[in-house]
Amino acid sequence: MRHVAQRPAIEHFKPLTEPVLLILMSLAAQPRHGYALIKDIEALSRHRVRLSTGTLYGALRRLLDEGWIERFEQEDTSRDKQAYRLTSEGRRQLELELDRFRELSRAGFARLRLGEA
Amino acid sequence: MGAVFRVLLYLYPQRHRELLGAEMQAVFEEGAREHRLLGPSQYLRFVLLELGGLVLHAAIAQFAHATHRGYLENQVRGTLAPPQNLPDEVIEAQNRVAVSVNQLLFAISHHQFNQARFYKNEERKARENLRQMQEKYGIGDPQPLP
């Protein structure tokens with residue numbers, strides 16, 4: 001029986017901006033509200049990135065419009081402390097972007113090894 | 001400083017303010033409380049970055065809002081009532097349909113059939129959302145979008 005290695009189809013989407021990527025990564029683990037997102041992104045980026053409120057909510061608005069995240073309904077959550085979570089489409093987009101990074105870093109390390117040889 | 005932030009929120013489009021304004025205010029105040037404890041210089045830095053970021057992103061949001069409408073008018077001119085007569089939610093839903101159709105056509109014309117399937121599905125969801133918005137606002141069946 002002939003075995004054919006399955007490679008994931010490479011789809012050409014626009015690369016995500018850093019705030020959007022970090023928000024999606026943060027929400028991949030669990031739903032979070034706005035301030036928890038800022039703190040988690042700060043930790044995730046090893047204190048390199050601290051999103052301002054304007055940047056965070058500009059990105060959240062775009063992600064809501066795209067249907068990549070949704071507001072998470074919680075009974076004990078007040079209107080000014082809504083939680084957000086990834087949709088299945090948001091998770092798919094994050095996986096695509098991380099695949100793209102993996103391919104890119106693989107190619108980059110291969111070039112480095114070529115240079116060393 | 002919370003009052004200044006609240007006033008600056010008026011720079012955003014009304015729809016954005018209604019949807020996210022209260023949350024933004026709460027997040028700013030939580031950050032301000034934390035930074036006040038770190039000393040005056042940290043607090044000042046925080047406030048300047050926050051207010052600067054707010055003004056910048058309000059300008060971006062206004063631009064997006066304006067081009068949203070302009071884009072929509074080009075997409076559906078003559079097939080729907082003028083956008084200014086419709087609620088913002090309906091305009092956004094119409095715009096999403098128009099954008100999906102454009103993306104679908106682009107993908108097909110570039111033989112990107114995986115993406116075309118994805119955008120076809122997006123278009124179906126966008127049309128369903130538009131139908132719900134029209135029902136919500138009691139808007140009659142418009143002419144079909146392209």
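Numbers restart at 1 for each chain; the letters A, B, ... are given by sequence-line order, proteins then strands.
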Check your understanding: Where does A:I38 contact chain B at under 4.5 Å (heavy atoms): side chain, backbone, both or neither?
Key -> side chain
**Study point:** B:L44 with B:F28, same ILVMFWY side-chain cluster at under 4.5 Å
**Key:** no
Exercise for review: Rounded to the nearest 0.5 Å, what's the gap from OH on A:Y57 to CD on B:E23? Could you check?
Suggested key: 4.0 Å
Check your understanding: Once you round to the nearest 0.5 Å, how far does CG of B:L19 lie from CZ of A:R71?
Key -> 4.5 Å
Check your understanding: Rounded to the nearest 0.5 Å, how far apart are CZ of A:R61 and CE of B:M24?
Key -> 11.0 Å
Point to revise | Contact class of A:R50 relative to chain B, heavy atoms under 4.5 angstrom | key: side chain
Revision key, fill the gap. Separation between CD (A:E89) and CZ (B:F118), nearest 0.5 Å, reads 3.5 Å
Check your understanding: Any Lys/Arg nitrogen of B:E30 or A:K39 sitting under 4.0 Å from an Asp/Glu carboxylate oxygen of the other?
Key -> no
Check your understanding: Does any heavy atom of chain A fall under 4.5 Å from the side chain of B:Q25, the backbone, both, or neither of them?
Key -> neither
Point to revise | Flag if over 12 foreign heavy atoms under 6.0 Å of CZ, B:R45 | key: no
Check your understanding: Around B:Q132, counting heavy atoms of other residues, nucleotides and ligands shown, do more than 12 lie under 6.0 Å from its CD?
Key -> yes
**Study point:** Shared hydrophobic cluster, A:W68 / A:L44 (ILVMFWY, side-chain heavy atoms < 4.5 Å)
**Key:** yes
Point to revise | Path from A:L104 to A:L94 over hydrophobic side-chain contacts below 4.5 Å | key: no
Check your understanding: What distance separates B:L51 CG from A:T53 OG1, expressed to the nearest 0.5 Å?
Key -> 9.5 Å
Check your understanding: Is there a path from B:L56 to A:V20 through hydrophobic residues (I, L, V, M, F, W, Y) whose side chains come within less than 4.5 Å of each other?
Key -> no
Check your understanding: Is there a path from A:V49 to B:L38 through hydrophobic residues (I, L, V, M, F, W, Y) whose side chains come within less than 4.5 Å of each other?
Key -> no
Exercise for review: Sort out for me which of B:G53, B:G31, B:A61 touches chain A most, counting heavy-atom pairs under 4.5 Å.
Suggested key: B:G31
Review point. Nearest heavy-atom pair of B:L54 and A:G54: which atoms, and what distance?
Key: CD1-CA, 4.4 Å
Check your understanding: Which of residues 2-13 of chain B have a heavy atom under 4.5 Å from any heavy atom of chain A?
Key -> B:F5, B:Y12
